[in-house]
Amino acid sequence: MKVVTTLALAVLGRGLVDPAEPVLRADDEALLRGRAAFETTRVYAGKPFRLDDHLARLSISAARIDLPAPDHEAFRALVAGALAHEKIGDASLRLVWTPGASEGGAPLGFALFGAIPEGHEPLRARGMKVITLPIGVPYELRAKAPWILGGVKSTSYAANMAAIAEAKRHGADDAIFLAENEIVLEGPKTNVWWRNGRTLFTPSLETGILAGITREFVLEAAPGLGYEVAEGVYTRSQLAAAEEAFTSSSVRELMPVVWLDGAELGDGRPGPAAAALQQALRRAAAEG
Ligand SMILES: Cc1ncc(COP(=O)(O)O)c(C=O)c1O
């Protein structure tokens with residue numbers, strides 16, 4: 001398990017709180033049922049990347065699990081106050097919005113700042129080993145059955161963490177979920193991409209995946225870098241036959257995939273599209 005170093009904790013209505021201090025009740029829905037919404041973004045030189053997009057997605061997740069709407073302005077002020085006071089430069093930023101205790105509780109929101117794990121850059125340089133894991137449902141169901149919570153960032157991520165643990169047991173770094181008939185979905189914490197020639201392929205949102213903020217960035221940036229994007233419903237064998245693959249996520253950014261289910265992917269080395277997009281992401285983050 002990677003140790004996440006907490007840099008700061010700020011709670012709505014209270015402001016900065018000692019991270020060692022408890023802020024949730026033991027009967028909070030987030031803890032007892034995993035029924036809370038969350039977001040993770042990355043802070044670059046004191047500026048959270050696309051915070052408004054993350055807040056918009058937090059509201060969508062909250063609505064999908066019957067939580068009251070989070071107050072965006074209050075979250076923005078909380079984050080800005082903590083960043084300024086603690087002089088935080090680069091960090092991960094997790095926003096959590098819970099309805100509180102099921103009886104007599106009040107909604108609670110907090111912002112948790114953590115250090116960026118040191119392992120990301122070495123992993124970007126060597127590329128990830130990934131295994132695919134079936135989840136046994138048709139991809140159409142993920143989008144059409146709202147109770148399955150496809151595409152929702154709720155705190156019920158135990159299955160996602162179990163998938164990463166399964167990948168590690170197989171000597172891999174990460175996993176990619178497959179719907180029935182080996183339809184490629186997403187990773188436990190990432191969206192998935194691959195390249196053939198100048199075309200980037202990624203599963204479309206109709207597969208019930210999370211609408212990643214980094215995925216959106218890639219969709220916007222790709223044409224300017226000379227890549228066209230094809231969103232669709234694709235199989236594992238299409239991914240396996242790619243010239244290059246990578247994942248996208250807020251904290252790990254663009255991460256090359258060089259090995260899939262025991263075989264080299266492409267030429268087994270990090271590819272040019274992932275590198276170009278990674279540079280473009282850093283440029284966009286620097287411009288704020
Ligand atoms: C299931 C899942 N898919 C994709 C992503 C990537 O989304 P983003 O780029 O917004 O971080 C995440 C992020 O945590 C995720 O949990």
Side-chain angles (χ1 to χ4, degrees), residues 2 4 34 36-44 48-62 64-65 90-97 111-112 114 116-117 120 124 128 130 132-135 137 139 142-143 148-167 173-179 183-194 200-222 229 231 239 245-257 274 277-278 280-282 284-285:
K2 279 201 191 81
V4 175
F38 80 103
E39 278 299 317
T40 308
T41 184
R42 184 162 170 150
V43 178
Y44 296 91
F49 189 66
R50 300 199 169 180
L51 183 59
D52 288 354
D53 294 349
H54 283 279
L55 287 169
R57 194 172 64 184
L58 186 70
S59 290
I60 293 169
S61 296
R64 290 277 304 275
I65 53 177
D90 296 329
S92 66
L93 165 56
R94 187 175 290 246
L95 305 175
V96 181
W97 178 238
L112 193 61
I116 302 292
H120 287 182
R124 203 180 326 280
M128 288 198 297
V130 170
T132 53
L133 295 174
I135 60 165
V137 296
Y139 78 86
R142 300 233 317 153
I148 292 180
L149 299 182
V152 173
K153 271 185 92 80
S154 80
T155 50
S156 318
Y157 257 41
N160 301 43
M161 302 316 289
I164 295 172
E166 181 69 14
D173 304 293
D174 205 353
I176 292 176
F177 293 125
L178 301 179
I183 300 297
V184 179
L185 296 173
E186 62 191 333
K189 301 198 264 179
T190 64
N191 290 114
V192 178
W193 298 82
W194 59 98
L200 303 180
F201 297 84
T202 197
S204 59
L205 297 183
E206 69 177 297
T207 60
I209 57 168
L210 186 77
I213 308 294
T214 322
R215 178 183 184 279
E216 192 58 36
F217 169 80
V218 174
L219 291 174
E220 290 165 20
V229 178
E231 296 177 77
L239 165 63
F246 54 94
T247 64
S248 65
S249 74
S250 296
V251 177
R252 269 199 288 177
E253 306 169 302
L254 284 308
M255 196 57 92
V257 173
L277 286 158
Q278 173 66 17
L281 176 63
R282 286 294 176 96

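Indexing begins at 1, ligand by ligand and atom by atom, following the structure's order. Bear in mind that the values here come from a model prediction, so they are computed numbers and not experimental data.
Between Val229 and Ala222 the shortest heavy-atom distance is CG2-CB, 3.6 Å.
Distances between N or O atoms of Ile213 and those of ligand 1 include at least one value under 3.5 Å. In terms of polar-atom proximity, Lys153 is counted as a contact of ligand 1, with an N or O under 3.5 Å from an N or O of the ligand. On a distance-only criterion, Ser248 and ligand 1 share no N/O pair closer than 3.5 Å. Of the N or O atoms in His54, none lie within a sub-3.5 Å distance of an N or O in ligand 1. Residue contacts with ligand 1: Arg215 is placed with no nitrogen or oxygen under 3.5 Å of a nitrogen or oxygen of the ligand (distance criterion only). Residue Ser249 places no N or O, backbone or side chain, under 3.5 Å from any N or O of ligand 1.
Side-chain atoms of Ser61 do not come within 3.5 Å of backbone N or O of Leu58 as any donor-acceptor pair. In this structure, Arg252 contributes its side chain and His120 its backbone to no donor-acceptor pair below 3.5 Å. Between the Arg57 side chain and the Glu39 main chain, no donor and acceptor come within less than 3.5 Å of each other.
Distances from ligand 1 to the non-hydrogen atoms of Phe217 include no value under 4.0 Å. The closest approach between any non-hydrogen atom of Arg57 and ligand 1 is below 4.0 Å. The closest approach between any non-hydrogen atom of Gly187 and ligand 1 is below 4.0 Å.
Remark: ligand 1 atoms within the under-4.0 Å shell around heavy atoms of Gly212 are 7 (O), 8 (P), 9 (O), 10 (O).
When Leu185, Thr190, Val152, Asp53 are checked for heavy-atom proximity to atom 4 (C) of ligand 1, Thr190 turns out nearest.
Counting non-hydrogen atoms of neighbouring residues, nucleotides and ligands closer than 6.0 angstrom, the CZ atom of Arg64 exceeds 12 such neighbours.
Residue contacts with ligand 1 for Thr214 involve both N, CA, C or O and side-chain atoms from C-beta outward (heavy atoms, distance under 4.0 Å).
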**Request:** Decide side chain to side chain contact (heavy atoms under 4.5 Å, CB included) for Glu186 and Arg215; before the verdict, give the C-alpha distance in whole Å, the side-chain angles of both, and the deciding distance to 0.1 Å.
**Result:** CA-CA 11 Å; Glu186 62 191 333; Arg215 178 183 184 279; over 6 Å; no
